[in-house]
Each structure stands twice: as structure tokens, then as C-alpha cells.
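Since the structure comes first, as C-alpha cells, the remarks are kept for the end.
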Amino acid sequence: MPKMIVSIDGVVIKEVQLTKDRTTLGRRPYNDIVIDNLAVSGEHAVMQMSGMDVFLEDLNSTNGTYVNGKAIKKQQLQNGDAIEIGKYKIKFVHEGASETYEKTTVINAGSVVEPGEGQGATLGNAAIKVVSGNAAGREVPLVKVVTTIGKPGVAVAAITRRPHGYVVALVEGTQKPTINGSPIGTEAVNLHHGDLLELAGTQMQFVQH
């Protein structure tokens, strides 16, 4: 179960288990995680859980939300991430998830973020090839158990490696992705070589080498 460990000046003041799909954080008392400090906005940020993934979204706060020292608007959290809100530090702990769920590859509005360093050496036997947009022609090897593609808030799908092959399913979003023109829901659909996926306005092809 993921949790947030809130501290200030190195002193832990609270631990909060993330049990709901949506957990709010802010200064006002109705938030799930209340931080009573003027540097924290009334409604500062929200954590959204989707399966094993947790996304942190800044709610246009005055002083911003930082993950590992960088200001973010919306970002998927990884085990051990350090969140900073005002003078408060919040450590994100997601034990057990880091072994299976590594950093995701996000194809976002036509651009591809490569897998993390050190993962390229263990290329899988399948890849997603971008066929439209600015990143057309780029191939993203499916080297992880789960690879997330899409644009947060619009449409995000997860491609999961299983013993019998690869499957794809919708994770979140208002637009339903399609496979060969047919909509994909939250139920996993088997992928076959040459299948065409369309997600958040970007077309991709599943290829097996």
C-alpha cells in the first residue's frame, strides 16, 4: 500500500496511507492530508491512484509542488520520490511496486520519453513504433513488465508483459484509445504484431521482433 511520510526539518509529523483513488493535500481542514502552513495553498495538490500507479498533480498552487527538486504540474510517483511543498518534505513510499513497476515510458503529445538509464541493455522482443506526430518513426522497446503510454488527463494506457504475450488496457482518461479502430476499455486486450493503437491523438504500432 503506498504511503506519504510528511516531515519538516527532518522530523516526521505524520504518515498517511493512500487508500482512496483520490487523496487531496492542502491547508484547509477538509483535505485528506492537512498541512497547516501559509506556504501551502488551501487546495494544493492531489494524489490519484490508478491500479498500482500514483499520479501527483499540482492544483495551481501559489508556491508550487516539487518532486526531487523539480517543479511539476502532474507526474507519476516512484518509490522513494521526495516531494517538497513549502518547508515540508513528503517521502513517497510504495514498497513492492518498484520491483515490478519501473519508471514508465510516456508518449506524450507526439513526443517520446525514453526508458530510464540502464534499461536499454535488456531489450524485450517487442516495441511500440510511433507512426504519427513529431516522433513518427521512433521505436520504444517494451523492456519492462508494464509500460505506460499516453498523455495524463487525456488518455493513458498500460501495456503489460504476460507469459503468453502482451496485453493493453486503459488506465485513465476521458478519451478511449483504440486498437485497429476498436475502442479499448479497462479490460486487457491481447496485442498482436502489426496492431495499430491510437491514443491521445498519436498513432502507434505494436511490433514483435
>> Determine whether I72 and Y66 satisfy the following criterion, side chain to side chain contact (heavy atoms under 4.5 Å, CB included), listing intermediate values before the conclusion.
In response: CA-CA 6 Å; I72 61 105; Y66 294 80; over 6 Å; no
> Given the rule in the side chain to side chain contact (heavy atoms under 4.5 Å, CB included) test, do I83 and M4 qualify, once you have shown the distances and angles that lead to the verdict?
Replying inline: CA-CA 9 Å; I83 303 156; M4 315 294 279; 3.3 Å; yes
>> Using side chain to side chain contact (heavy atoms under 4.5 Å, CB included), reason through I8 and K89 one step at a time and then give a plain yes or no.
In response: CA-CA 6 Å; I8 185 167; K89 290 185 167 41; over 6 Å; no
>> Go through it in stages, so that I can follow the logic: the residues are K129 and F206, the test is side chain to side chain contact (heavy atoms under 4.5 Å, CB included), and I'd like the CA-CA distance, side-chain angles, deciding distance and then a yes or no.
In response: CA-CA 6 Å; K129 185 176 182 180; F206 175 75; over 6 Å; no
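Side chain of N37 to main chain of G86: no donor-acceptor pair is present (N/O by atom type, distance under 3.5 Å, no hydrogens or angles). Looking only at distances, a side-chain donor or acceptor of H94 sits under 3.5 Å from a matching main-chain atom of M52. Side-chain atoms of K14 never come within 3.5 Å of backbone atoms of I33 as a donor-acceptor pair (strictly under, hydrogens ignored). Formation of a donor-acceptor pair under 3.5 Å by the D36 side chain with backbone atoms of R27 is not found in this model.
Contact check for L59 versus T24: no side-chain heavy atoms found under the 4.5 Å cut-off. At a threshold of 4.5 Å between non-hydrogen side-chain atoms, the residues V12 and V6 do not count as touching. Contact annotation: the side chain of Q75 never approaches that of K70 to less than 4.5 Å [non-hydrogen atoms, C-beta and beyond].
Pairing each heavy atom of V156 with each of L170, the nearest pair is O-CD1, 3.5 Å. A127 and P141 get closest at one heavy-atom pair: CB-CA, 3.9 Å. When every heavy atom of V167 is checked against every heavy atom of H164, the shortest pair comes out as CG1-NE2, 4.0 Å. Here the closest non-hydrogen pair linking G80 and K91 is CA-CE, 4.2 Å. Counting all heavy atoms, side chain and backbone alike, D195 lies closest to N190 at OD2-O, 4.0 Å. Here the closest heavy-atom approach between residue L197 and residue I184 is recorded as CD2-CD1, 3.7 Å.
V131 and I149 are assigned to two separate hydrophobic clusters, defined by single-linkage of ILVMFWY side chains at heavy-atom distances under 4.5 Å. The hydrophobic clustering, which links ILVMFWY residues whose side-chain heavy atoms are closer than 4.5 Å, places V67 and Y88 together. Criterion: ILVMFWY side-chain heavy atoms under 4.5 Å apart, direct or through other members. Under it, F92 and I13 are part of a common hydrophobic cluster. Under the 4.5 Å side-chain contact rule for hydrophobic residues, V93 and L56 do not share a cluster. No path of Ile, Leu, Val, Met, Phe, Trp and Tyr side chains, each step under 4.5 Å between heavy atoms, connects I179 with V207, placing them in separate hydrophobic clusters.
The CG atom of N68 sits 9.5 Å away from the CD atom of Q78 when rounded to the nearest 0.5 Å. R162 contributes atom CZ, which lies 6.0 Å from atom OG1 of T160 (distance to the nearest 0.5 angstrom). Distance check, rounded to the nearest 0.5 Å: OG of S132 to CE of M204 gives 7.5 Å. Rounding to the nearest 0.5 angstrom, the gap separating the CZ atom in F55 from the CZ atom in R22 is 14.0 Å. Here the OG1-NZ distance, from T23 to K3, works out to 15.0 Å after rounding to the nearest 0.5 Å. If you take OG on S7 and CD on E15, they are separated by 10.5 Å, rounding to the nearest 0.5 Å.
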Which donor-acceptor pairs under 3.5 Å do the side chains of residues 44-51 make with protein atoms, sequence neighbours left out?
unit_1: H44; atom_1: ND1; unit_2: S41; atom_2: N; d: 3.0
unit_1: H44; atom_1: NE2; unit_2: S61; atom_2: OG; d: 3.3
unit_1: H44; atom_1: NE2; unit_2: G64; atom_2: O; d: 3.0
unit_1: H44; atom_1: NE2; unit_2: T65; atom_2: OG1; d: 3.3
unit_1: Q48; atom_1: OE1; unit_2: K74; atom_2: NZ; d: 3.4
unit_1: S50; atom_1: OG; unit_2: V171; atom_2: O; d: 3.2

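Tested against V168, the residues I128, T147, L191 include a single side-chain contact (heavy atoms from CB on, under 4.5 Å) partner, L191.
Remark: the Q208 side chain and the Y166 side chain contain no N/O donor-acceptor pair separated by less than 3.5 Å.
In this structure, V11 stands alone, with no Ile, Leu, Val, Met, Phe, Trp or Tyr side-chain heavy atom under 4.5 Å from its own, directly or through other members.
A 6.0 Å sphere centred on NZ of K73 holds more than 12 heavy atoms belonging to other residues, nucleotides or ligands.
Of the charged side-chain nitrogens involved, at least one lies within less than 4.0 Å of a carboxylate oxygen, so that K20 and D32 count as a salt-bridged pair.
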